[in-house]
Amino acid sequence: MANVKETGYDYINFSYAPDRNDIIARYYLEPAKGVSMQEAIEHISSESSIGTWTTISTMEPKIAKELRPQAFRIHGNIVDIAYPIRLFENGSIPQLLSALAGNIFGMKAVNNLRLMDLHFPKKYLASFKGPSFGIKGVRHLLKVYDRPLVGTIVKPKVGLNSLKHAKVAYESWVGGLDLVKDDENLTSMSFNKFNERIEKTLTLRDRAEDETGERKMYMANVTAETLEMLKRSDIVNDFGGEYVMIDILTAGFSALQTLRDHVDARQVIHAHRAMHAAFTRNPKHGMSMVSVAKVARLIGVDQLHVGTAGVGKMHSDDDVFVKDVVANRFIKENDFLLDQDWLNIKPTFPVASGGLHPGIVDKLVKVMGKDIIAQFGGGCHGHPDGTRAGAKAIRDAIDAVTDGKSLKSAAKHSPELAKAIEKWGTRSPN
Ligand code: CAP
Ligand code: MG
């Protein structure tokens with residue numbers, strides 16, 4: 001294994017005080033066998049910035065002096081590295097991640113490496129738009145200010161034709177839900193073409209608004225090749241749709257940046273995070289959902305799936321942190337998070353989804369608060385009396401919890417909620 005000096009320069013400096021313009025990355029790092037922590041830090045600092053595995057004749061002292069990152073804090077397996085902002089291109093998440101979440105995960109010098117968090121300085125924040133609506137803008141659009149927003153995902157995930165899809169959405173809205181989304185793997189299928197689905201679903205959305213007197217939103221999944229996504233967001237707009245949904249990881253951050261610029265203040269962006277668990281789940285290796293969430297907010301998603309803090313069906317270890325880093329302006333440093341002041345980058349609406357049903361709404365709100373969007377797929381369409389009853393059970397549960405009432409007492413006045421609790425009880429699914 002190359003020795004420390006072979007990377008050319010000292011990247012470890014405990015007396016370094018980060019410059020206010022530095023981008024800081026916090027890593028969990030386990031060196032490989034036979035590699036010291038110091039050596040491993042030197043290698044990842046070098047490989048994520050200016051160097052490589054050995055000294056090079058082309059390196060100039062000036063480059064190292066101006067662009068060398070400094071590992072300034074180590075606590076256990078956690079290391080904080082400050083990177084000069086000139087190492088990064090303004091407005092480019094792909095370049096940021098190619099540096100700080102790129103080659104270093106594959107280096108032999110590390111056994112495990114996880115990007116835990118990122119701190120962005122004012123200068124870097126200024127090169128991104130952030131959300132155009134944010135939490136306030138979404139609440140204003142829906143005219144709902146004092147409770148969690150409630151939504152569903154049309155199920156089966158894929159398989160219904162466009163008319164049946166639209167009718168399931170209609171039943172969900174008239175039952176009491178605010179939002180209806182496409183599932184993450186529903187795009188444009190032979191049996192459910194995008195254009196037909198959008199037209200039929202938005203037509204019934206308008207009818208549901210007329211009948212309920214409430215605003216109702218349809219989150220159409222535009223995920224596709226980038227140029228096609230832009231066309232699909234225009235089709236949604238032409239039919240009067242206020243939302244687009246995108247699977248940000250399978251579409252990619254570059255595509256997300258293009259979509260954000262394209263829809264700008266015209267449409268709310270709902271960000272699904274399918275595939276995240278491929279690299280966020282292992283607490284020792286990969287990239288935390290906190291880091292994913294931070295770059296998504298920076299680019300400018302208005303709503304983001306953040307997990308259910310263990311209340312739903314998905315594995316979760318840092319969901320509450322994820323909610324905080326997307327919804328709050330100030331993030332205080334702790335053992336996991338770096339400090340962050342988001343300045344004028346608007347907050348992103350945290351979306352709790354996955355395995356939720358009316359019987360656990362109280363637990364969800366207790367852990368995640370009211371400033372969330374709660375989505376129920378199976379927990380709506382799996383109701384014994386169908387979608388409309390499922391939607392009403394969800395709405396009755398959320399209204400009860402918002403008013404400080406127990407679900408048990410609410411169920412006495414809501415047969416739909418009583419039946420939901422009869423079927424699913426009041427415990428989280430496995
Ligand atoms: C939920 C869901 C969402 C998950 C994604 C699904 O359906 O539509 O994609 O919430 O997980 O397909 O599982 P159910 P996360 O309500 O029927 O579970 O929000 O953690 O990214
Ligand atoms: Mg889904």
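We use all heavy atoms of the structure for the numbers below, so side chains are in, but hydrogens, waters and symmetry mates are not. Computed from a predicted structure; not experimentally measured. Atoms within each ligand, like the ligands themselves, are counted from 1 in listed order.
Note: no N/O pair closer than 3.5 Å links His276 and ligand 1 by distance alone. Of the N or O atoms in Gly378, one or more lie within a sub-3.5 Å distance of an N or O in ligand 1. The N/O atoms of His305, backbone and side chain alike, include one that comes under 3.5 Å of an N/O atom in ligand 1. Inclusion of Gly354 in the set of residues having an N or O under 3.5 Å from an N or O of ligand 1 is warranted. Close N/O approach between Gly377 and ligand 1 is found [any backbone or side-chain N/O within under 3.5 Å].
Side chains of Ser162 and Glu196: a donor-acceptor N/O pair is present below 3.5 angstrom, by distance only. With 3.5 Å as the limit, one finds no donor-acceptor pair spanning the side chains of Thr280 and Arg273. Tyr11 and Ser49 form no side-chain donor-acceptor contact under 3.5 Å, judged by distance and modelled atom types alone. For the residue pair His75 / Asp335, no side-chain donor-acceptor distance below 3.5 Å is found, with atom types taken as modelled.
Salt-bridge formation is not detected for the pair Lys405/Asp399: no Lys NZ or Arg NE/NH1/NH2 atom is positioned less than 4.0 Å from an Asp or Glu carboxylate oxygen. Asp178 has a carboxylate O that lies under 4.0 Å from a charged side-chain N of Arg147, or vice versa, which qualifies the two as a salt bridge.
Lys155 NZ, 3.7 Å is the protein heavy atom nearest to atom 2 (C) of ligand 1. The nearest protein atom to atom 12 (O) of ligand 1, hydrogens excluded, is given as Lys157 NZ, 2.6 Å; this is a heavy-atom distance. Among protein heavy atoms, the minimum distance from atom 21 (O) of ligand 1 is reached at Arg273 NE, 2.8 Å. At the shortest separation from atom 13 (O) of ligand 1 among protein heavy atoms lies Lys313 NZ, 2.7 Å. At the top of the distance list for atom 11 (O) of ligand 1, counting protein heavy atoms only, stands Met314 CE, 3.3 Å. In terms of protein heavy-atom proximity, atom 1 (C) of ligand 1 is nearest to Ser353 OG, 3.7 Å.
Atoms of ligand 1 lying under 4.0 Å from any heavy atom of Asp183, numbered from 1 in the order shown and given with element: 8 (O), 9 (O), 12 (O). Per-residue contacts place Gly355 under 4.0 angstrom from the following atoms of ligand 1 (heavy atoms of the residue considered): 14 (P), 16 (O), 18 (O). Residue His272 approaches ligand 1 through these ligand atoms, each under 4.0 Å from one of its heavy atoms: 3 (C), 5 (C), 9 (O).
When non-hydrogen atoms are compared, ligand 1 lies under 4.0 Å from neither the backbone nor the side chain of Thr308.
Within the protein, the number of N/O/S atoms found under 2.8 Å from the Mg ion (ligand 2) is 2.
Ring planes of His383 and Trp424: perpendicular class, angle over 60° (limits at 30 and 60°).
The side-chain contact (heavy atoms from CB on, under 4.5 Å) test applied to Ala82 returns Tyr16, Pro18, Asp22, Ile24, Phe72, not counting sequence neighbours. Among residues two or more places apart in sequence or in another chain, the ring pair (Phe, Tyr, Trp, His ring centres under 6.0 Å) test is passed with His413 by none.
Counting heavy-atom neighbours within 6.0 Å of Lys164 NZ, excluding the residue itself, gives a total of 12 or less. Few gaps surround CZ on Arg329; more than 12 heavy atoms of other groups in view lie less than 6.0 Å from it.
Residue pairs meeting the salt bridge (Lys or Arg N to Asp or Glu O under 4.0 Å) criterion with at least one partner in residues 83-94, sequence neighbours excluded, are Glu66-Arg86.
Thr52 has its side chain within reach of Glu47: a pair of non-hydrogen atoms, C-beta onward, lies under 4.5 Å apart.
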